[in-house]
Amino acid sequence: MATYDVIVVGLGGMGGSAAYHLAARGRRVLGLEKFEPVHRRGSSHGGSRIIRQAYFEDPAYVPLLRRAYELWEKLEHDVGQDIMSLTGGLFVGPADSLTFAGSLRAAREWDLPHEILDADELRRRFPTFSPRPDEVAFFEAKAGFVRPEATVAAHHRLAARHGADLRYEEPVLRWVALPGGGVRVTTPRGSYSADRLVLCPGAWAPRLLSDLGLPITVERQVMHWFQPRDGVAAFEPGRHPIYIHEDGGGTQIYGFPAIDGPEGGAKVAFFRRGRPCDPETVDRQVHPEEIQDMRDHLATVLPTLAGRFLTAATCMYTLTPDHHFVIGPHPEHPQVSVACGFSGHGFKFVPVVGEILADLATTGTTAHPVRLFDPRREYR
Ligand SMILES: Cc1cc2nc3c(=O)[nH]c(=O)nc-3n(C[C@H](O)[C@H](O)[C@H](O)COP(=O)(O)OP(=O)(O)OC[C@H]3O[C@@H](n4cnc5c(N)ncnc54)[C@H](O)[C@@H]3O)c2cc1C
């Protein structure tokens, strides 16, 4: 007899959500996390994450985003806390850039409300931007940000409220799928058995899922906070949207309004310009040349943003070659589900990924469109 119905390994963004959805469905859940709750050593920290619906990566994500937005609202309601803020979002670049053209494509395919601004209109409405004449902007009022630490904490709290047994600083050393069904998981404190296993190891996926041989690379990323040169007024959330800017060479930066008051500054980062790393040995220091690199880039895009440097932090992306997620049953062991490879854009999906994982662990299938994320696909 299994003690638990489901064991969830990794209680970061995805695992926390899965533990909550499973516990809310009445499953007996054991959650095992390597570090303390809401830590800063994985991929779900740094104060803010962009959310948006006109998805330039692929319009196939839009139905999942619509469901995610519903669940973000439900989460806020269930914990009685603000987690999501819709500030509007600007997606700026040359007309043929992925950031602009891809957003427009998704909006047209799914009939999503938006506005198109030429360089002059962009400068007039959002004077912190200094676009080149050939740049255009896609504006989505429904874009904004969510708070990652508050999200993880909220899911843990709700999961525990529904009876989940969440254990911290208890890393999983091994897991095995038992021949007759069920699983056994071993930690330094003992071993546990259950009918189902859900693996959400983030940047540790190459270790915990080594048997799958997924073509995953882990990259160190840097987030920067600056005090804008002319003060935060122009960057206040009521006036300033979140943004992604792509230059003619395909380099993307993204950033946020000054969401933590006058002293907190505004966060900005390069999207996928990291160095390969190992989560156990990653360099968590940010170096002066990295800060200078961001300053140099901002000089032409958002010239007043890079005033006084406030702070910086590292985070990790877990990348697949096609930048689509890996979500599905383990190809050899149907009692095991996996969710990893979120490729730097997973957080906005956290609530719906939890729902999908709960579907997989309870019924073996899901009604959500997840074909794009098949662990066995040909990665290109
Ligand atoms: C700088 C940065 C900016 C980002 N910006 C955005 C954004 O704007 N919008 C967006 O949608 N997405 C964004 N993302 C991506 C998003 O944050 C990630 O896709 C998401 O957080 C991944 O969640 P996860 O649960 O897979 O990983 P994590 O939250 O890291 O969780 C994995 C957990 O597994 C635990 N674990 C690992 N191995 C074991 C083990 N053996 N035993 C027990 N526990 C284990 C880890 O300790 C960790 O807690 C960003 C990511 C970064 C780094």
Side-chain angles (χ1 to χ4, degrees), residues 7-19 30-52 55 57 61 64-65 68 72 89 143-149 151-152 155-156 166-175 185-188 198-210 216 218-224 242-244 252 254-256 267-274 277 279-280 282 312-320 323 325-327 338-354 357:
I7 299 175
V8 178
V9 177
L11 298 174
M14 305 303 167
S17 176
L30 171 66
L32 294 168
E33 165 56 47
K34 183 178 167 76
F35 297 120
E36 68 279 9
V38 202
H39 61 88
R40 300 174 57 81
R41 280 170 282 190
S43 305
S44 298
H45 58 279
S48 53
R49 290 290 185 269
I50 286 179
I51 57 169
R52 53 196 163 89
Y55 220 56
E57 287 85 344
Y61 286 85
L64 294 173
L65 288 161
W72 281 116
F145 66 91
V146 291
R147 299 280 193 175
E149 290 88 347
T151 302
V152 176
H155 278 139
H156 289 200
L166 306 184
R167 304 195 184 179
Y168 302 99
E169 301 185 66
E170 185 162 357
V172 167
L173 303 174
R174 278 185 305 284
W175 61 269
V185 164
T186 307
T187 76
V198 175
L199 296 170
C200 303
W204 287 262
R207 281 188 167 69
L208 221 55
L209 287 164
S210 56
I216 278 180
V218 178
E219 277 187 6
R220 168 188 175 279
Q221 307 288 331
V222 178
M223 305 175 267
H224 305 257
I242 62 92
Y243 54 89
I244 300 178
Q252 290 167 299
Y254 64 90
F256 299 81
K267 180 174 123 179
V268 63
F270 285 107
F271 188 41
R272 299 201 189 112
R273 186 148 97 174
C277 71
E280 295 294 316
V282 57
T314 63
C315 179
M316 290 179 288
Y317 285 178
T318 309
L319 297 156
T320 61
H323 295 159
F325 311 153
V326 176
I327 307 175
V338 304
C340 62
F342 288 95
S343 302
H345 63 118
F347 207 86
K348 60 185 82 58
F349 298 90
V350 154
V352 72
V353 170
L357 290 169

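Counting starts at 1 for both ligands and their atoms, in listed order. Residue numbers count from 1 along this sequence. Scope of the values below: all heavy atoms of this structure, side chains included, with no hydrogens, waters or symmetry mates.
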| note | Residue, atom and distance of the protein heavy atom nearest atom 31 (O) of ligand 1 read G12 CA, 3.3 Å
| note | L32 heavy atoms within 4.0 Å reach ligand 1 at atoms 43 (C), 44 (N)
| request: Could you check M14 against V350 for side chain to side chain contact (heavy atoms under 4.5 Å, CB included), going step by step and ending with a plain yes or no? | output: CA-CA 5 Å; M14 305 303 167; V350 154; 3.8 Å; yes
| field | Donor-acceptor pair, side chain of K34 and main chain of W204, under 3.5 angstrom | value | no
| message | Checking a contact table here: which protein heavy atom is nearest atom 11 (O) of ligand 1, and how many Å away? | response | K348 NZ, 2.7 Å
| Protein contact of atom 27 (O) of ligand 1 - nearest heavy atom, named by residue and atom, plus distance | G202 CA, 3.6 Å
| query | Is there at least one pair of N or O atoms, one from F342 and one from ligand 1, spaced under 3.5 Å apart? | reply | no
| Among G344, C315, S343, closest by any non-hydrogen atom to atom 52 (C) of ligand 1 | C315
| request: Could you tell me whether some N/O pair between E170 and ligand 1 is separated by less than 3.5 angstrom? | output: no
| How far is atom 43 (C) of ligand 1 from its nearest protein heavy atom, and which residue and atom is that? | K34 N, 3.2 Å
| request: Indicate whether the side chain of K348 and that of Y55 have a donor and an acceptor atom separated by less than 3.5 Å. | output: yes
| query | Numbering the atoms of ligand 1 from 1, which are under 4.0 Å from a heavy atom of W204? | reply | 37 (C), 38 (N), 46 (C)
| query | In Å and rounded to the nearest 0.5 Å, what is the CZ to SG distance from F342 to C200? | reply | 7.0 Å
| What is the nearest protein non-hydrogen atom to atom 22 (C) of ligand 1, stated with its residue, atom name and distance? | S43 CB, 4.0 Å
| task | Please could you name the atoms of ligand 1 that M14 approaches to less than 4.0 Å, counting only its heavy atoms? | result | 23 (O), 24 (P), 25 (O), 26 (O)
| Can you tell me how far the NE2 atom of H39 sits from the CD atom of E149, to the nearest 0.5 Å? | 11.0 Å
| message | I need the atoms of ligand 1 closer than 4.0 Å to a non-hydrogen atom of M316, numbered in the order shown. | response | 53 (C)
| Going by the order shown, which atoms of ligand 1 are within less than 4.0 Å of some heavy atom of G13? | 25 (O), 29 (O)
| note | Taking only non-hydrogen atoms of Y317 and a 4.0 Å limit, the atoms of ligand 1 in range are 2 (C), 50 (C), 51 (C), 52 (C), 53 (C)
| request: Output yes when a side-chain donor or acceptor of R49 lies under 3.5 Å from a complementary backbone atom of G346, and no otherwise. | output: no
| query | Among protein heavy atoms, which lies nearest atom 42 (N) of ligand 1, and at what distance? | reply | V172 N, 2.9 Å
| task | Starting from atom 9 (N) of ligand 1, locate the nearest protein heavy atom and write down its residue, its atom name and how far away it is, to 0.1 Å. | result | I50 O, 3.1 Å
| Under 6.0 Å between the ring centres of F325 and Y61? | yes
| request: Could you list the atoms of ligand 1 found under 4.0 angstrom from a heavy atom of M223? | output: 1 (C)
| task | Between C200, G15, S17, S44, flag the one that comes closest to atom 28 (P) of ligand 1 by a heavy atom. | result | S44
| request: Give the residue and atom name of whichever protein heavy atom lies nearest to atom 16 (C) of ligand 1, and the separation in Å to one decimal. | output: F347 N, 3.5 Å
| task | Measure centre to centre between the rings of Y254 and H345, then say whether the value is under 6.0 Å. | result | no
| field | Within-4.5 Å side-chain heavy-atom neighbours: I7 and W175 | value | no
| If you count the atoms of ligand 1 from 1 in the order shown, which ones are under 4.0 Å from a heavy atom of G42? | 30 (O)
| note | Heavy-atom proximity to atom 17 (O) of ligand 1 ranks first, among R49, R207, H45, R52, for R49
| task | Kindly compute the distance separating CD1 (I50) from CD1 (I242), expressed to the nearest 0.5 Å. | result | 4.0 Å
